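Predicted model only: the values in this text are computed from it and were never measured.
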Amino acid sequence: MTAVNGGFFITFEGGEGAGKSTQARRLAERLRAMGRAVTLTREPGGSVGAEAIRALLVRGEADRWSPVSETLLMYAARRDHIERTIAPALDRGEVVICDRFLDSTRAYQGAGGGAPTSLISALEQTVVGDVRPDLTLVFDLAVDTGLARAVARGDGEARFESKGRDFHERLRAAYLAIVAAEPGRCGLIDANGDQNTVEARVWAAVEPRLTEARGG
């Protein structure tokens with residue numbers, strides 16, 4: 001969905017420790033320096049109600065919620081986030097950069113956890129509707145490297161990190177499948193390298209799409 005007022009919706013996706021949150025901040029700073037209005041947000045979270053639900057999802061034991069319960073919580077948070085943050089910013093003509101969105105549910109609760117695809121698809125249709133990303137960047141990194149980075153980060157939100165290596169391998173495979181299935185929307189970012197190197201890869205993927213959206 002590109003808003004009629006010129007908004008542009010970018011989502012950053014990937015497994016744990018891939019560095020997407022840092023790159024989302026860097027992209028927001030770059031665009032603001034160029035004079036663009038930017039809303040930088042995240043999931044789960046991004047609105048007062050959604051942040052309250054986030055606390056339930058990212059803390060506690062790995063088996064705190066079943067995959068179906070997780071999916072329902074994610075979509076409750078996502079609806080509030082869309083209504084209160086994403087849709088209003090797009091209507092104002094802003095660039096919205098979101099750290100995770102619907103592909104995370106497909107990967108984490110679906111491929112990783114085994115929640116039914118039919119449930120996720122139905123919730124996407126009902127809850128997300130036409131608020132779809134214009135561009136999704138998937139940050140790809142070896143699972144062991146990503147988990148080591150995430151553990152070193154130590155931010156206290158380690159529930160998903162604790163789900164085991166096999167879970168995270170399923171996530172990586174799911175993200176690669178999403179990119180292959182939707183090449184018009186998705187771009188694959190090699191998350192190896194220092195932050196400046198990865199930032200250059202992100203900009204190379206974003207800049208032509210923003211230029212095209214603005215009519216050249």
Side-chain angles (χ1 to χ4, degrees), residues 1-14 18-58 71-108 120 123-139 155 157 175 178-179 182 184-187 189 198-199 201-216:
M1 165 186 164
T2 301
V4 294
N5 292 333
F8 195 83
F9 188 16
I10 305 172
T11 56
F12 280 34
E13 295 282 358
K20 59 187 176 42
S21 301
T22 296
Q23 293 302 327
R25 288 193 298 271
R26 285 185 168 219
L27 178 60
E29 291 166 2
R30 180 192 286 256
L31 292 174
R32 286 169 181 153
M34 296 169 62
R36 294 297 297 264
V38 177
T39 289
L40 175 62
T41 189
R42 69 175 182 176
E43 287 205 350
S47 64
V48 173
E51 288 290 338
I53 297 172
R54 179 187 178 89
L56 299 174
L57 284 162
V58 301
T71 300
L72 295 172
L73 285 167
M74 286 288 184
Y75 268 96
R78 182 161 296 139
R79 183 62 192 180
D80 194 70
H81 187 206
I82 290 170
E83 290 178 346
R84 299 179 184 274
T85 304
I86 295 173
L90 290 172
D91 286 341
R92 292 191 299 268
E94 297 185 12
V95 177
V96 175
I97 301 170
C98 190
D99 182 357
R100 298 198 182 285
F101 194 59
L102 57 84
D103 294 301
S104 283
T105 305
R106 295 175 179 178
Y108 276 73
I120 294 172
L123 288 168
E124 276 188 23
Q125 182 176 356
T126 303
V127 174
V128 178
D130 65 351
V131 185
R132 303 287 173 144
D134 295 292
L135 174 63
T136 296
L137 299 182
V138 175
F139 288 70
D155 59 7
E157 297 185 342
Y175 275 124
I178 288 168
V179 173
E182 300 186 58
R185 172 174 69 90
C186 300
I189 301 294
V198 177
E199 181 180 0
R201 294 171 185 153
V202 170
W203 185 240
V206 170
E207 193 274 336
R209 295 293 296 272
L210 282 177
T211 300
E212 178 185 357
R214 297 183 75 176

[X] versus [Y]: any side-chain heavy-atom pair under 4.5 Å?
X: Arg132; Y: Arg185; value: no
X: Gln23; Y: Arg201; value: no
X: Val128; Y: Phe101; value: yes

Please report the shortest heavy-atom distance between [X] and [Y], naming the atom on each side.
X: Ala28; Y: Val38; value: CB-CG1, 3.9 Å
X: Ala50; Y: Gly45; value: CB-O, 3.4 Å
X: Cys98; Y: Phe9; value: CB-CE1, 3.8 Å
X: Val96; Y: Ala89; value: CG2-CB, 3.6 Å
X: Val179; Y: Cys186; value: CA-CB, 3.9 Å
X: Ser47; Y: Thr85; value: CB-OG1, 3.8 Å

Kindly compute the distance separating [atom1] ([X]) from [atom2] ([Y]), expressed to the nearest 0.5 Å.
X: Ile86; Y: Thr41; atom1: CD1; atom2: OG1; result: 6.0 Å
X: Leu135; Y: Thr11; atom1: CG; atom2: OG1; result: 7.0 Å
X: Leu137; Y: Leu27; atom1: CG; atom2: CG; result: 8.0 Å
X: Thr136; Y: Leu102; atom1: OG1; atom2: CG; result: 7.0 Å
X: His81; Y: Ile53; atom1: NE2; atom2: CD1; result: 12.0 Å
X: Tyr108; Y: Met74; atom1: OH; atom2: CE; result: 8.5 Å

Quick one: list whatever passes salt bridge (charged side-chain N to carboxylate O under 4.0 Å, His left out) with Arg106, sequence neighbours left out.
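Here the qualifying residues are Asp103, Glu124, Glu182.
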Results of salt bridge (charged side-chain N to carboxylate O under 4.0 Å, His left out) for Glu43 - residues two or more places apart only
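Glu43 satisfies salt bridge (charged side-chain N to carboxylate O under 4.0 Å, His left out) with Arg78 only.
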Under the criterion side-chain contact (heavy atoms from CB on, under 4.5 Å), I'd like the reasoning laid out for Leu123 against Leu72: C-alpha separation, chi angles, the key distance, then a yes or no.
CA-CA 8 Å; Leu123 288 168; Leu72 295 172; 4.1 Å; yes
Under the criterion side-chain contact (heavy atoms from CB on, under 4.5 Å), I'd like the reasoning laid out for Arg92 against Thr39: C-alpha separation, chi angles, the key distance, then a yes or no.
CA-CA 10 Å; Arg92 292 191 299 268; Thr39 289; 4.0 Å; yes
Go through it in stages, so that I can follow the logic: the residues are Val198 and Thr22, the test is side-chain contact (heavy atoms from CB on, under 4.5 Å), and I'd like the CA-CA distance, side-chain angles, deciding distance and then a yes or no.
CA-CA 10 Å; Val198 177; Thr22 296; over 6 Å; no
Taking only residues two or more places apart in sequence, or in another chain, which ones meet Glu207 in a side chain to side chain contact (heavy atoms under 4.5 Å, CB included)?
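Testing Glu207 for side chain to side chain contact (heavy atoms under 4.5 Å, CB included), a comparison that skips the adjacent residues, returns Trp203, Thr211.
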Working for side-chain contact (heavy atoms from CB on, under 4.5 Å), residues Leu40 and Arg32:
CA-CA 11 Å; Leu40 175 62; Arg32 286 169 181 153; 4.0 Å; yes
Geometric class of the Phe139/Phe12 ring pair [parallel <30°, tilted 30-60°, perpendicular >60°]:
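Judged by the thresholds at 30° and 60°, the geometry between Phe12 and Phe139 is tilted.
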Are any side-chain N or O atoms of Arg209 and backbone N or O atoms of Asp134, one a donor and one an acceptor, separated by less than 3.5 Å?
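Looks like yes, one N/O pair under 3.5 Å.
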Any sub-3.5 Å donor-acceptor pair from Arg54's side-chain atoms to Pro44's backbone N or O?
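Yes, Arg54 side chain to Pro44 backbone: donor-acceptor pair under 3.5 Å.
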Salt bridge Arg42-Glu51, side-chain N to carboxylate O under 4.0 Å
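Salt bridge flag = yes for Glu51 with Arg42.
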Taking atom CZ as the centre, does Arg84 end up with more than 12 heavy-atom neighbours from other residues, nucleotides or ligands that are less than 6.0 angstrom away?
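No, CZ of Arg84 has 12 or fewer neighbouring heavy atoms, counting only those of other groups under 6.0 Å.
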